[in-house]
Amino acid sequence: MSDLPATPASLIAEGHWPRDRLDADYTARNCVAPDDFAAIISEYASRSLPARSMAGAKLDLVYDAVSGEKLDLFGTRPGELRPLVLFIHGGYWRALSKEHSAFMAPMLADLGIASAAPDYTLAPGASLTEITRQMRAALAYLWREAASLGIDRNRIVVTGSSAGGHLAGTLMMSGWQQDFGLPGQVLKAALPLSGLFELAPIAGSHVQDWMQLTQEEVETLSPLRHLTGAPRSVIAVAEHETSGFHRQTRAYAEALGMPEIRARDRNHFDIVFDLCDPATDVGQTLLRLVAA
């Protein structure tokens with residue numbers, strides 16, 4: 001299979017490729033055996049469960065009055081304002097939850113770092129416009145309520161995997177903050193993992209069956225088309241990925257002028273576990289972004 005140069009223009013052009021090719025390039029499960037996929041998803045939940053009994057865990061905080069969606073907050077300590085890692089789950093915008101998204105919380109808490117895991121309304125119950133609004137509302141809530149929650153609002157780092165990487169990218173954009181009463185760019189840094197940053201190919205693939213992306217959403221919610229004002233970032237991708245995710249990562253990193261890293265021996269689904277391990281490139285990078 002030939003590979004187009006990793007530029008935004010080429011990714012936009014991918015939207016005109018045959019659907020079967022786009023399906024092959026953007027079907028994340030193609031990089032892992034079915035049994036391994038099921039085991040990894042189960043591990044998301046089992047490794048997240050201990051965080052819910054951590055001292056000081058704040059569960060089911062309503063961050064958005066409009067949707068009623070909630071988030072969980074871990075690793076804060078009375079009398080301290082700690083840096084925060086905001087993790088947004090993937091699942092092609094239609095699967096998983098905050099209960100699958102706290103596996104890194106104990107490690108981060110041991111290092112004096114808080115973490116937050118938000119839910120969002122899953123597609124097709126919500127459009128991508130609404131899902132993005134909810135994630136921006138979550139960041140706005142954490143920033144506004146930072147002092148009472150034990151968060152240092154000047155040290156918020158966002159990360160997320162797959163569709164969560166896309167949503168992290170929408171938080172990296174500028175211009176939306178004023179709608180939430182925020183000043184400019186409120187993120188300190190970002191670390192999207194195996195994300196989606198140009199939506200034109202996605203609108204031409206099987207994902208469109210449940211996302212029903214409009215042309216306006218492709219234009220306004222593709223992070224690759226909105227690069228101005230992005231925070232310091234590192235763009236990560238699993239070594240064992242389908243070609244579409246590799247192209248998207250390379251294009252976004254190059255367009256931002258930010259570094260790209262590859263998570264060795266990881267696939268689309270288990271790359272997130274490197275966030276728990278300071279010995280990995282992804283884990284080290286996350287801690288450097290928090291500390292810088």
Q: Supply the atom-to-atom distance I151 CD1 to R144 CZ, rounded to the nearest 0.5 angstrom.
A: 12.0 Å
(Q) Strictly distance-based, threshold 3.5 Å: is any side-chain N or O of S194 a donor or acceptor partner for the main-chain N or O of A238? (A) yes
(Q) Please determine whether side-chain contact (heavy atoms from CB on, under 4.5 Å) holds for the pair F197 and R247, giving the CA-CA distance in whole Å, both sets of side-chain angles, and the decisive distance to 0.1 Å. (A) CA-CA 10 Å; F197 310 107; R247 287 195 300 272; over 6 Å; no
Q. Short question: side chain of S115, backbone of V85 - any donor-acceptor pair under 3.5 Å?
A. no
Q. Hey, does L196 have a side-chain heavy atom less than 4.5 Å from the side chain of W93?
A. yes
Q. Donor-acceptor pair, S48 side chain versus A45 backbone, under 3.5 Å?
A. no
Q: First locate atom OG of S161, then atom NE2 of H166, and finally report the distance between them rounded to the nearest 0.5 Å.
A: 14.0 Å
Q | Same cluster (ILVMFWY, side-chain, under 4.5 Å), M135 and V62 | A | no
Q) Side chains of T132 and L167: does their closest heavy-atom pair fall under 4.5 Å? A) yes
Q. Under 3.5 Å, is there a donor-acceptor pair linking the side chains of E99 and S97?
A. yes
Q | Minimal non-hydrogen separation, P83 against V290, with atom names | A | CB-CG1, 3.7 Å
(Q) Apply side-chain contact (heavy atoms from CB on, under 4.5 Å) to residues L193 and T159 and explain how you reach the verdict. (A) CA-CA 7 Å; L193 309 176; T159 185; 3.8 Å; yes
Q) Can you tell if the side chain of L128 reaches within under 4.5 Å of the side chain of L213, non-hydrogen atoms only? A) yes
Q. Just checking, is any N or O donor in the side chain of Q185 or S174 under 3.5 Å from an acceptor N or O on the other one?
A. no
Q) How about T249 and E260: does a side-chain donor come under 3.5 Å of a side-chain acceptor? A) no
Q: Kindly say whether I202 contributes a backbone atom to a donor-acceptor pair with the side chain of S205 at under 3.5 angstrom?
A: yes
Q) Of the non-hydrogen atoms in A51 and A57, which two are nearest, and what is the gap between them? A) O-CB, 3.9 Å
(Q) Measuring from atom CG of L22 to atom NE2 of H16, what distance do you get when rounded to the nearest 0.5 angstrom? (A) 10.5 Å
Q) Taking atom types as modelled, is there a side-chain donor on E69 or T121 under 3.5 Å from an acceptor on the other? A) yes
Q.
To the closest 0.5 Å, what do you measure between OG1 (T170) and CZ (R133)?
A. 12.5 Å
Q. Between I113 and R82, is any pair of side-chain heavy atoms under 4.5 Å apart?
A. no
Q. Just wondering, more than 12 heavy atoms not from D60 lying within 6.0 Å of its CG?
A. yes
Q: Grab the two heavy atoms, one from T220 and one from M173, that are nearest each other, plus how far apart they are.
A: O-CE, 3.8 Å
Q) For the residue pair Y44 and F269, is the inter-centroid distance of their aromatic rings smaller than 6.0 Å? A) no
**Q.** Backbone of T214 reached by a side-chain donor or acceptor of E217 within 3.5 Å
**A.** yes
**Q.** Taking every non-hydrogen atom, the tightest pair across N267 and D270
**A.** N-OD1, 2.7 Å
Q. Side chains of L221 and T129: does their closest heavy-atom pair fall under 4.5 Å?
A. yes
Q: Apply side-chain contact (heavy atoms from CB on, under 4.5 Å) to F74 and L59, showing your working.
A: CA-CA 8 Å; F74 308 98; L59 306 179; 3.9 Å; yes
Q: Would you please say whether a donor-acceptor pair under 3.5 Å links the side chains of D25 and S243?
A: yes
Q: Verify whether the ring centers belonging to H89 and Y120 lie closer than 6.0 Å.
A: yes
Q: Of all the heavy-atom pairs spanning A236 and V282, show the shortest one and how long it is.
A: CB-CG2, 4.4 Å
Q) Between the main-chain N or O of G283 and the side-chain N or O of T280, is there a donor-acceptor pair closer than 3.5 Å? A) yes
Q) Is there a donor-acceptor pair closer than 3.5 Å between any side-chain N or O of Q248 and the backbone N or O of E198? A) yes
Q) Any chance the side chains of Q208 and Q212 put a donor and an acceptor closer than 3.5 Å? A) no
Q.
How about CZ on R19, more than 12 heavy atoms from neighbouring residues, nucleotides or ligands closer than 6.0 Å, or not?
A. yes
Q: Give, for atom CE of M172 and atom CG of L191, the distance between the pair rounded to the nearest 0.5 Å.
A: 9.5 Å
Q.
If hydrophobic clusters are built by linking Ile, Leu, Val, Met, Phe, Trp and Tyr wherever their side-chain heavy atoms come under 4.5 Å apart, do V237 and Y252 end up in the same one?
A. no
Q. Ring centroid separation for F245 and H268, is it under 6.0 angstrom?
A. yes
Q. Only one of L286, L287, L86, L187 forms a side-chain contact (heavy atoms from CB on, under 4.5 Å) with V157, so which one is it?
A. L286
Q: Tell me, please, whether F180 has R136 positioned over its six-membered ring: NZ or CZ under 6.0 Å from the ring centre and within 45 degrees of its axis?
A: no
Q) Taking it one step at a time, do W143 and L182 satisfy side-chain contact (heavy atoms from CB on, under 4.5 Å)? A) CA-CA 8 Å; W143 189 89; L182 301 179; 3.6 Å; yes
(Q) I want to check something: taking the side chain as every heavy atom from C-beta on, are E241 and R262 in contact at a cut-off of under 4.5 Å? (A) no
Q: Consider only side-chain N and O atoms of D64 and S67, and report whether a donor and an acceptor are under 3.5 Å apart.
A: yes
Q | ILVMFWY network linking V272 to I235, side-chain heavy atoms under 4.5 angstrom | A | no
Q: Find out if a path of hydrophobic residues (ILVMFWY) with successive side-chain heavy-atom gaps under 4.5 Å connects F87 to I261.
A: yes
Q.
Using only atom types and a distance under 3.5 Å, with no angle test, would you say the side chain of S233 pairs donor to acceptor with the backbone of P231?
A. yes
**Q.** Hphob cluster co-occupancy, L289 + F273, side-chain heavy atoms under 4.5 angstrom
**A.** yes
(Q) Measuring from atom OG of S148 to atom CG of L81, what distance do you get when rounded to the nearest 0.5 angstrom? (A) 10.0 Å
**Q.** Side-chain heavy-atom pair W176, L139 within 4.5 angstrom cut-off
**A.** yes
**Q.** Smallest separation among heavy atoms of A291 and R155, with atom names
**A.** CA-NH2, 4.0 Å
Q: Could you tell me whether the side chain of S222 and the main chain of E219 form a donor-acceptor pair under 3.5 Å?
A: no
Q) Side chains of L61 and K70: closer than 4.5 Å at any heavy-atom pair? A) no
(Q) Is it the case that atom CZ in R52 sees more than 12 heavy atoms from other parts of the structure closer than 6.0 Å? (A) yes
Q.
Strictly distance-based, threshold 3.5 Å: is any side-chain N or O of Y63 a donor or acceptor partner for the main-chain N or O of D119?
A. yes
Q | Ion pair check, K58 and D72, cut-off under 4.0 Å | A | no
